[in-house]
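To start, the structure itself, in structure tokens.
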Amino acid sequence: MNGPTSKPFSAVAPHYDVLMRAVPYPMWVSYYLLLLAHQGSHPRRVLDIACGTGTMTELLVDEELAMTGIDIAPGMIAEARRKAALRGSPTRYEVADVREFALGDTFEGALSFFDCLNNLLTTDELGQAFRRVYAHLEPGGSWIFDLNTAYAFEKRMFDQKDRRPKSPLHYDWTGEYDPGTRIITVTMRFWNGQGEFVEVHRQRAFTMDEVMAALAEAGFVEVTPFHSYTLDKPRKNSDRWHFACLRPPTD
């Protein structure tokens, strides 16, 4: 029998770092810095959008960037604040919705990694997010983010499980993809020695044209899409795209 179903990124928040322990975060940091260099950007004050528990955020602090992180899930921000306090980090973490956040501050750069923006399920929501990012960037500011593609969903990338006896957190994920809406619904079962819980996550695969149009409407310029982890152009079999763009130096 399944355990209770929780809101996305709520019950899993205290276990998220265990779940992500195999993620090569230093590689992601290096790739972000590579994209900044390719773009010719040198931000010092950077906003991490949908920062989760702040692992990548804090690695960027170690790169001498002044970081602020936001996430819609209170449990994830609680974990990020706890970790920052333990290491004496000055990073500001706030619970905020990417579609409507207002921090009363601007930044020289912003990023959103780990396909967080796929959790927005309409082009209107994606456009809202881009406009809020634009409003929080200083003129000439950098915006770099990634998105899962329809190819990733078609290849069932979310079908994953770990039932090894020694794993501290067991899980079994199954994704159901609707090619008509380009939305995947992922039922995620988790259990450990303290019980079982379920979260249902939904992501949308946006087309390249939809993303480029939303960025242009928000006002971004010099938009360059990449086959993720490279400086190559996107391919038909890209399962993830990265985008680098700028707020114009003058509006």
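Keep in mind that what you see is a predicted model, and the values were worked out from it rather than measured.
Within a 6.0 Å radius of CD in Glu217, other residues, nucleotides and ligands contribute 12 heavy atoms or fewer.
Side-chain contact of Gln39 with Ser142: a donor-acceptor pair under 3.5 Å is present, judged by distance alone. The closest side-chain donor-acceptor pair between Glu58 and Thr91 falls under 3.5 angstrom. Under the 3.5 Å distance criterion, with hydrogens and angles disregarded, no donor-acceptor pair is assigned to the side chains of His201 and Gln203.
Taking the six-membered ring where the residue is Trp, Phe145 and Phe130 present tilted rings, their angle falling between 30° and 60°. Using the six-membered ring where Trp is involved, His170 and Trp191 have ring planes that are perpendicular, over 60° apart on the 30 and 60° scheme. Under the 30°/60° scheme for interplanar angles, the aromatic rings of Tyr171 and Trp173 are found to be tilted.
Contact check for Leu111 versus Met67: side-chain heavy atoms found under the 4.5 Å cut-off. Contact annotation: the side chain of Phe153 never approaches that of Ile183 to less than 4.5 Å [non-hydrogen atoms, C-beta and beyond].
With respect to Glu154 and Arg182, no salt bridge is recorded, no charged nitrogen being found less than 4.0 Å from a carboxylate O. Between Arg204 and Glu125 there is no salt bridge, since none of the side-chain N atoms of the basic residue sits less than 4.0 Å from a carboxylate O of the acidic one.
Here the rule is salt bridge (Lys or Arg N to Asp or Glu O under 4.0 Å) with Glu138, and of Arg45, Arg247, Arg44 only Arg45 fits it. Residue Tyr25 is tested with Phe113, Tyr31, Phe114 for a ring pair (Phe, Tyr, Trp, His ring centres under 6.0 Å); the sole match is Phe114.
Looking at Ser112, its side chain never comes within 3.5 Å of a backbone N or O of Ala50 through a donor-acceptor pair. Without hydrogens or angle criteria, Glu100 side chain to Asp97 main chain gives no donor-acceptor distance under 3.5 Å. Asp239 places no side-chain N or O within donor-acceptor distance of the main-chain N or O of Tyr151, the cut-off being under 3.5 Å. With Asn118 contributing its side chain and Asn148 its backbone, the two residues share a donor-acceptor pair below 3.5 Å. At least one donor-acceptor pair closer than 3.5 Å links the side chain of Arg156 to the backbone N or O of Gly175. At least one donor-acceptor pair closer than 3.5 Å links the side chain of Arg21 to the backbone N or O of Val18.
Cluster note: Ile77 groups with Tyr93, Val95 through ILVMFWY side-chain heavy atoms spaced under 4.5 Å, whether in direct contact or through intervening members.
Residues meeting the side chain to side chain contact (heavy atoms under 4.5 Å, CB included) test with Arg132, sequence neighbours left out: Phe101, Ala102, Ala135, His136. For His38, the ring pair (Phe, Tyr, Trp, His ring centres under 6.0 Å) partners two or more places apart in sequence, or in a different chain, are Phe226.
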